[in-house]
Amino acid sequence: MVFNDKAVKSVGYVLAIILMLWATGCGSSDSDHDVVSFSGETISGKVADGYVSGATLTVYGSAEMTEENIIGTGTTDANGAFSIELSTNSVPDPIYIKSEGGIDIDLGLPAPVMLFAGSADGSGGYNVTPLTDMVYKYIGIQGSLDASQAFLTGVLGISADDLGADPVENATAGAALAKVLASGTQGSTLSAGEYTMHILFFEQDDLGGGSLADVNAVAERIVAVPISVNDEGQIESEVAVDDGIDFDNDGTDDLLYGAGGVVGSSVFISFDVNEFDDGEDGWHFSIAGELGLFGSLSGRCYLREEGALRQGVFVATFTPVGITNAQKTAVFQQLGGIMASNQASYLLFNDVLIDESVVPQISYGTIVLTQDGASGFDFSDLDVNRIVYDGPGVDDDPVWTDASGDLDYLVASEQTRILATRQNNTYFILPAGCRKGICVTVDGGDAIIKAGQMFLNRTDSLAPVLQTDTTYNLAQVCIGSFVLNNNITRADALEAVLVTDGITELTVPSSGGMALGSAYNADSGEILGISGSFLALKKDADDDFADILGAGGDYLMSLEMYETGALVGTRLDAGTVTIEGYGPYQNYKNPINYVMYAYGDDTAAPSCNATMKFLARAFQGGGVFSEIPVWTSGHLTIEIDQDSTTGSGMLLVENIDGCGYSADDPIEDEAFGEAVNYPSTVTMNVERIGAGNSGLLHIYGTGTYTIYYLLGTEELEYYWDIYWPIGAPRASYMFSYYDEDASAFRVNEIGEAYITY
């Protein structure tokens with residue numbers, strides 16, 4: 001990424017998401033394919049973020065970016081340049097190009113996945129950059145390619161020529177990158193190579209048992225783990241005890257086996273720590289998520305030990321081995337250009353990890369960040385309110401007003417790209433380049449009492465923000481632990497996961513012209529909090545967080561918004577459920593997925609016609625309570641038109657892995673079954689959830705898997721039920737098997753799926 005010293009002209013606006021037709025489709029196909037005949041025109045250009053070497057390019061002849069429309073492939077050279085001979089005798093206008101992978105040569109870090117939609121520039125070249133990627137994203141929102149370009153030139157204060165320019169050579173385009181990249185919605189990926197993963201996590205057992213005296217104590221929890229990604233995107237890692245890595249910070253060096261994969265912008269990694277056959281000393285740890293800029297990642301982690309499931313929150317960064325000191329310096333300089341601004345950044349905090357004595361909270365506010373050399377950022381004007389019930393309404397409880405301090409990069413064995421600060425008894429922890437991090441609260445004695453998620457986004461970026469003083473309808477799905485109850489069938493679960501009570505519409509509050517504030521729904525007894533791109537809801541009228549589903553249904557949830565109006569996030573429930581074979585399970589120990597789509601009465605229905613990369617990981621059920629959590633990868637094709645409430649699709653399952661011991665053959669214990677017969681193709685149905693102009697889709701289909709055991713095979717019928725808000729990188733899913741005794745499908749597994757281009 002390259003930024004110039006020229007200041008970006010301030011644009012005073014709140015970005016209003018116009019939820020319109022996703023006219024160009026909502027993704028693209030994989031670039032692993034063969035195009036046999038090239039005898040037509042040649043196109044050339046550069047992939048520039050700064051310049052990206054080793055990027056894989058796929059050229060499409062139309063907006064339906066499916067494999068049938070591929071007309072060329074290529075790679076960039078060491079200077080980011082490419083030349084591709086097409087299989088057509090003329091160059092389509094507009095043309096669509098996807099750049100995936102590669103290394104930003106200025107930074108030595110993985111480049112974001114970027115798309116180009118449009119025509120050649122004045123020199124006849126095609127430059128693929130974060131600016132052209134944003135043009136692609138806003139085509140559906142604005143209604144056409146021309147409208148997207150007009151919108152972006154207006155909010156960025158640049159010309160149409162600048163949108164397609166080389167940002168390394170063009171100072172105006174380079175300056176506009178800060179606002180584009182600061183939105184935080186652009187995914188990255190990991191090319192083949194060796195990486196160091198710096199990871200920091202907190203889990204359920206840290207509550208009451210862990211202590212954080214200061215930011216140095218946070219830095220001591222960072223673990224540096226070697227990660228290897230091969231040409232197929234598989235991740236394998238083995239760490240010996242002699243390597244001196246104490247993964248769980250218990251004072252004992254650990255033996256680690258890691259396996260997983262990179263699927264587009266998504267990553268999944270599982271670790272066996274000390275190996276499970278070491279008895280009670282062994283446990284399993286897994287993470288997943290969409291990679292952000294600069295190889296950043298944040299989300300929820302899962303720990304499994306002797307059949308028990310614990311959850312946590314984590315931040316991580318991935319750094320290629322061999323990055324130079326000059327590149328490290330450039331990284332910190334450019335992070336300053338992305339994150340720092342004289343305008344405020346939105347903040348939102350919500351608790352995720354709590355115990356029985358804690359009532360979870362939501363807080364929202366703003367902060368101003370100023371770059372402080374290579375050490376991090378100075379912050380000022382920190383204003384945060386906690387939203388609480390106050391009798392029949394809602395009250396804003398001031399937490400911090402005009403506070404200031406340092407948000408510095410943590411130093412472990414080396415300086416990391418993980419930022420942290422302590423404000424009173426709360427720690428903010430964020431992987432730089434990512435808009436999602438974690439927050440940790442300690443008591444007066446520095447004991448950890450709860451942990452959660454924090455969200456940060458510049459108000460002057462291109463981040464999607466709901467329009468202030470406007471009412472939106474909300475289509476919502478919540479797949480919770482209750483669908484794994486003993487007596488629930490898939491048919492019952494389909495009814496239960498739809499959210500039809502509570503807040504089904506919202507009017508966005510505003511403060512100082514920004515989407516910021518809280519509101520109370522007297523009918524449902526729910527609090528609504530909005531901070532820019534981030535939305536939170538809490539239901540707990542008596543403030544005890546004890547009412548179970550069906551008896552008040554206390555919950556807290558938070559979501560982050562994407563350009564189309566899609567929202568995805570986490571829900572924390574009160575009460576207890578019984579999971580078959582495992583007995584009572586406390587919901588507050590099991591945060592689960594929540595998906596939503598916000599749209600107006602006159603919003604045009606979004607369409608989708610594309611093939612996207614698919615990665616799913618199990619949260620609960622299936623083999624999750626054993627030592628081997630399951631992940632699935634492949635491709636998902638969706639076809640649904642603007643004027644249709646139903647459509648069709650295809651799920652190609654290319655890999656199912658347990659990630660227990662190696663990526664190739666995870667099953668080394670006769671107690672567990674081998675993976676199923678894949679690749680396999682599942683015909684999917686597609687339908688809208690809610691009104692005909694909703695963008696929340698139910699994607700479902702049935703098939704048969706054959707599971708191979710050492711002593712035989714078993715053939716099972718199954719159902720995939722995937723709920724995806726168009727334009728989001730994440731979905732929720734249920735996986736059901738046919739129960740012959742009950743003559744019905746029962747939900748066997750729930751989890752999250754990543755759907756990215």
Side-chain angles (χ1 to χ4, degrees), residues 12-17 179 182-185 298 339 341 343-352 360-369 379-388 394-403 407 421 423 426 428-430 434-439 441 452-472 474 503 506-521 526-538 556-563 565-572 594 596 598 728:
Y13 73 98
V14 174
L15 179 59
I17 284 297
K179 287 187 176 182
S183 67
T185 61
S298 180
M339 298 182 64
S341 172
Q343 302 296 310
S345 291
Y346 290 110
L347 279 173
L348 188 140
F349 305 93
N350 74 285
D351 298 330
V352 173
Q361 299 289 343
I362 302 169
S363 301
Y364 68 91
T366 58
I367 190 173
V368 174
L369 298 181
F379 70 82
S380 60
D381 300 322
L382 172 64
D383 296 307
V384 171
N385 288 334
R386 180 180 295 115
I387 54 177
V388 294
V394 60
D395 184 34
D396 289 333
D397 176 26
V399 181
W400 301 298
T401 303
D402 294 327
L407 180 64
T421 189
Q423 181 65 34
T426 301
F428 309 167
I429 306 169
L430 184 76
C434 192
R435 67 174 179 171
K436 181 168 63 179
I438 57 181
C439 55
T441 304
Q453 294 176 316
M454 67 163 288
F455 301 86
L456 183 146
N457 204 216
R458 278 173 48 176
T459 59
D460 60 342
S461 76
L462 279 184
V465 175
L466 287 165
Q467 186 174 356
T468 59
D469 302 320
T470 300
T471 300
Y472 292 91
L474 303 178
I503 295 181
L506 66 87
T507 300
V508 181
S510 63
S511 175
M514 298 191 300
L516 185 72
S518 62
Y520 177 71
N521 186 317
E526 289 172 300
I527 291 174
L528 161 71
I530 283 184
S531 189
S533 303
F534 315 120
L535 166 68
L537 296 168
K538 180 184 177 185
L556 178 149
M557 62 185 183
S558 64
L559 306 101
E560 52 184 322
M561 185 176 177
Y562 292 84
E563 283 82 0
L567 295 112
V568 295
T570 302
R571 173 165 165 154
L572 186 67
Y594 205 94
M596 182 184 290

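Both backbone and side-chain heavy atoms feed into the values below; hydrogens, waters and symmetry mates do not.
- Under the 30°/60° scheme for interplanar angles, the aromatic rings of Phe349 and Phe428 are found to be tilted.
- The minimum heavy-atom distance between Ser558 and Asn350, with the atom names listed, is OG-OD1, 2.9 Å.
- Across every non-hydrogen atom of Leu347 and Met454, the tightest pair is CD2-CE, 3.9 Å.
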Assess whether side chain to side chain contact (heavy atoms under 4.5 Å, CB included) is satisfied between Leu559 and Val568, documenting all intermediate values. CA-CA 5 Å; Leu559 306 101; Val568 295; 5.6 Å; no
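- A donor-acceptor pair under 3.5 Å is formed between the side chain of Asn457 and the backbone N or O of Ser183.
- Nearest heavy atoms, Ala519 versus Val394: C-CG1, 3.9 Å.
- Between the side chain of Asp397 and the main chain of Arg386, no donor-acceptor pair closer than 3.5 Å is present.
- Nearest approach of Gly365 to Leu516, heavy atoms of both residues: O-CD1, 4.0 Å.
- Of all non-hydrogen atoms in Thr426 and Thr441, the two that sit nearest each other are OG1-OG1, 4.0 Å.
- In this structure, CG on Leu535 lies 5.5 Å from CD1 on Ile530, to the nearest 0.5 angstrom.
- Atom OG1 of Thr570 is separated from atom CE of Met557 by 11.0 Å, given to the nearest 0.5 angstrom.
- Annotation: the span from Ser518 atom OG to Leu537 atom CG amounts to 12.0 Å, rounded to 0.5 Å.
- Residues satisfying the side chain to side chain contact (heavy atoms under 4.5 Å, CB included) criterion with Val368, sequence neighbours excluded, are Ala344, Ser380, Asp381.
- At a threshold of 4.5 Å between non-hydrogen side-chain atoms, the residues Tyr594 and Leu567 do not count as touching.
- Judged by distance alone, with hydrogens and angles left aside, the side-chain atoms of Tyr472 form a donor-acceptor pair with the main-chain N or O of Gln467 at under 3.5 Å.
- Panel note: side chain Ser345, backbone Leu456; no donor-acceptor pair is recorded below 3.5 Å.
- Using a 4.5 Å heavy-atom threshold, the side chains of Leu506 and Leu474 count as touching.
- A donor-acceptor pair under 3.5 Å is absent between the side-chain atoms of Ser461 and the main chain of Thr459, judged by distance alone.
- In this structure, Phe534 CZ and Ile362 CD1 are separated by 14.0 Å, a value rounded to the nearest 0.5 Å.
- Of the inter-residue distances, the one linking Glu560 atom CD with Gln453 atom CD reads 8.0 Å to the nearest 0.5 angstrom.
- Across Ala515 and Leu466, no two heavy atoms sit closer than the pair CB-O, 3.7 Å.
- Distance alone, capped at 3.5 Å, is enough to place a donor-acceptor pair between the Ser533 side chain and the Pro464 backbone.
- Interatomic distance, OH of Tyr520 versus CD1 of Ile527, reported as 8.0 Å (0.5 Å rounding).
- The backbone N or O of Pro360 sits less than 3.5 Å from a side-chain atom of Lys538, completing a donor-acceptor pair.
- No side-chain heavy atom of Phe455 sits under 4.5 Å from any side-chain heavy atom of Ser531.
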